[in-house]
There are 2 protein chains.
Amino acid sequence: MLNDRKKKVLQAIVEEYVNTAEPVSSTSLTNRNELNYSSATIRNEMADLEKAGYLEKTHTSSGRIPSEKGYRYYVDELLRDDNISLEEIKYISDKLEAKVNEIEDLTKIATTTISEITHYTTVAIGPGADNQLIQEIKFVLLGPRMLMAIILTTAGLVKETIIKFDEDITEKQVETINYMFNNKLKGKPLEIIDIPLEKYLINEMKYSVKVIKPIIEQIKKAINEERQIYLEGANKAFDLPEFNSLEVAKNFINIIDEKELVADVLDSGFAKDINVYIGDENEKEELKDFSVITFKHKVGDKDLGTIGIIGPKRMDYSKVISVMKYINKKLKEKDM
Amino acid sequence: MLNDRKKKVLQAIVEEYVNTAEPVSSTSLTNRNELNYSSATIRNEMADLEKAGYLEKTHTSSGRIPSEKGYRYYVDELLRDDNISLEEIKYISDKLEAKVNEIEDLTKIATTTISEITHYTTVAIGPGADNQLIQEIKFVLLGPRMLMAIILTTAGLVKETIIKFDEDITEKQVETINYMFNNKLKGKPLEIIDIPLEKYLINEMKYSVKVIKPIIEQIKKAINEERQIYLEGANKAFDLPEFNSLEVAKNFINIIDEKELVADVLDSGFAKDINVYIGDENEKEELKDFSVITFKHKVGDKDLGTIGIIGPKRMDYSKVISVMKYINKKLKEKDM
DNA sequence: TTTTAGCACTCGCTGGTTGCGATTGCTAAT
DNA sequence: ATTAGCAATCGCAACCAGCGAGTGCTAAAA
């Protein structure tokens, strides 16, 4: 357990380092009014904090920087999560007020807004197939061999996909398909659209393979593969001093260029409302030099997916978490 | 006009520099069997080529690199445009053979394939509203206040968008709308869906403002704003030696992060089948250190948009142009 | 007339040296 | 418990020298 002064020193060092990106010296902290001690005293505390693993040195005679344990302690115990100005509140409110036709647009708006306010790279992914129930399916004939399936989920999402056939389809057939699918699938989870259903329809219900198979295949594909990924402010990362290392810059590009990886990161563990992964805490090796902060967002009670920030370990955790909390709250209040 | 040997020297320097990214010395060219002269002779030719503006030096005693004029001459006069191996032909053919449900998927496949083969960052944009005729419009009621409009164009594209209303819409209304719009718009260009049409429908045909206005507004928005941009292999750029300069790397990220900019670049002038912009030839200031190669692609006779490569001026023009030519041809042969 | 050998000259790059400044750890005094 | 004082450490920028790659030019060879 850290005594009060050590907490103050650690907090000051994290905040100073987040601001300046330079190792923090004992003297630089003596100017702060909450730390009215000589540099020697601060030095002793810093030495203790280093021994306990909260701080690190870049070389023997350098100032200190927070270790991952230090950041973790800061995030868990020291940080303010209401670090948001009136202007920022106003800006966010205005953005989220916008009228949208598709509920997913709100994810995009929220992503952009977070990136604009925090100046970090922000990513988002739509909701997965899990937990979504089918409200209705509509089939619309677009041509003699082209059908559109439109799936509405109880979460308010609309997903459409085009199906092509090797033989002509009649309006009559579409009607039966429409009836059949809705009859069978309303209120069921999205994942039900799969091989067993295909077999059932073909074998039990005696539907034509040539009609049913492409439908099931394509809908399945649409549900599973087409999760939209949003990316905002990738270029902002390059203004950070840590990106002067080409190594780091390249790693970063590799991460955000790989959609699978981003999706994986956003989909992983959600113990809390807002989840903070610092450096090695990230499951992915590629992210060990970065910090990731994610939250699931809902509009009203409708699950809309996950939004996350990827930035340096030297991240303004306080600002990011404050902004995320506020946006999370605002979205929940909204109803569609 | 350059004599034969000068052409050979210029060509050799471009190709060597493309390969190695190092200034090319006179001695290094003497090994080539098409240049069986002493280094002194080559040196004289190089000095002439420099005076004529085709070559540059990085410093007094360095080897030569091509100037933009040099690259231009190489592209216009010297390059082979069939620089593609059997394996590559096979690879491309396999990729493009894939059965797709939506014609736009071919753009994505082509983009990915080009990036994989050339190892350059590849971008693409779907076709603009111009030149597309409306084949049919379908309206589907998804809820009491939610309508989907599906527009089929003669180019085989399907565009759908969701419209929300402030009041309930009946199936009956949708039917009239359906009839009306198709009657009025079939065979017309997409741009017809605009304010004059809105006014006509409301004033002359006495349709409800509350119904027509959102429809026109949203369709207009969907047509104009939602042009899909594809981006592949952004990370590959970072393996190039020119990206060791942080300046260059940052510029590059700024370019590809800005969708508007990418769209602008892909939409600009199309004098030829394949268009090459070298450095300062690019309209955009931001691209002055890069080269861009673009081509419009069609499937059969259907316009599918533009694909382009953004890479260093030291680009393998021969390979890129060869691959683009082949893909262009293959796509044209395909029919949907 | 064209080509080439030879050589002085230029310049970037690397490695070593030096001195400065920032910062620490420790000791002894307060 | 706190602080002043001081030696020690290390990064960093500046400077220098030597090496090597490459050129331009001149004069000789083909």
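Because the structure is predicted, anything quoted here is derived from the model rather than measured. In what follows, chains are A, B, ... by sequence order, proteins preceding strands, each numbered from 1.
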Quiz item: Looking only at heavy atoms, what is the nearest atom pair of A:Met324 and A:Ile293, with distance?
Solution: CE-O, 3.2 Å

Quiz item: Can a cation-pi geometry be assigned to A:Lys69 and A:Tyr54, taking NZ or CZ under 6.0 Å from the six-membered ring centre and within 45° of the ring axis?
Solution: yes

Self-check item: A:Ser322 versus A:Asn83, side-chain donor and acceptor atoms under 3.5 Å
Solution: no

Quiz prompt | Between C1' of D:dA21 and CD of B:Glu16, the distance in whole Å | solution = 15 Å

Self-check item: Angle between terminal axes - the helix from C:dT1-D:dA30 to C:dT30-D:dA1, 5 pairs each end, rounded to 10°
Solution: 20°

Quiz item: Whole Å only: how far is the CG atom of B:Leu29 from the P atom of C:dT3?
Solution: 16 Å

Exercise. Determine: side-chain N/O of B:Thr41 to OP1/OP2 of C:dT4, distance under 4.0 Å, yes or no.
Key: yes

Quiz item: When you check every protein heavy atom under 4.0 Å of nucleotides 11-30 of chain C, what one-letter string (B, S, -) results, 5' to 3'?
Solution: BS---------BBBB-----

Practice problem: Let me know the distance between CD of B:Glu45 and P of D:dG24, rounded to the nearest Å. | Solution: 13 Å

Practice problem: Could you pull out the closest heavy-atom pair between A:Met315 and A:Val18, with the gap in Å? | Solution: O-CG2, 3.4 Å

Self-check item: side-chain contact (heavy atoms from CB on, under 4.5 Å), paired with A:Ser291, selected from A:Lys313, A:Glu281, A:Glu68
Solution: A:Lys313

Practice problem: To the nearest Å, give me how far apart CD1 (B:Ile13) and P (D:dG22) are. | Solution: 13 Å

Self-check item: B:Leu55 CG - D:dG22 C1' separation (whole Å)
Solution: 15 Å

Quiz item: OH of B:Tyr37 versus P of D:dA30: gap in Å, rounded?
Solution: 18 Å

Quiz item: Does any N or O in the side chain of B:Tyr120 come within less than 3.5 Å of the main-chain N or O of B:Glu116, such that one atom is a donor and the other an acceptor?
Solution: no

Quiz item: In whole Å, what is the span from the CD1 atom of B:Ile42 to the P atom of C:dA5?
Solution: 12 Å

Quiz item: Over how many whole Å does the gap from B:Asp4 atom CG to C:dT2 atom C1' extend?
Solution: 17 Å

Quiz item: Where the side chain of B:Ser318 meets the backbone of B:Leu79, is there a donor-acceptor pair that is under 3.5 Å apart?
Solution: no

Quiz item: Are the side chain of B:Thr113 and the backbone of B:Ile92 linked by a donor-acceptor contact shorter than 3.5 Å?
Solution: no

Quiz prompt | Parallel, tilted or perpendicular, as decided by the 30° and 60° cut-offs, for the rings of A:Phe252 and A:Phe243 | solution = perpendicular

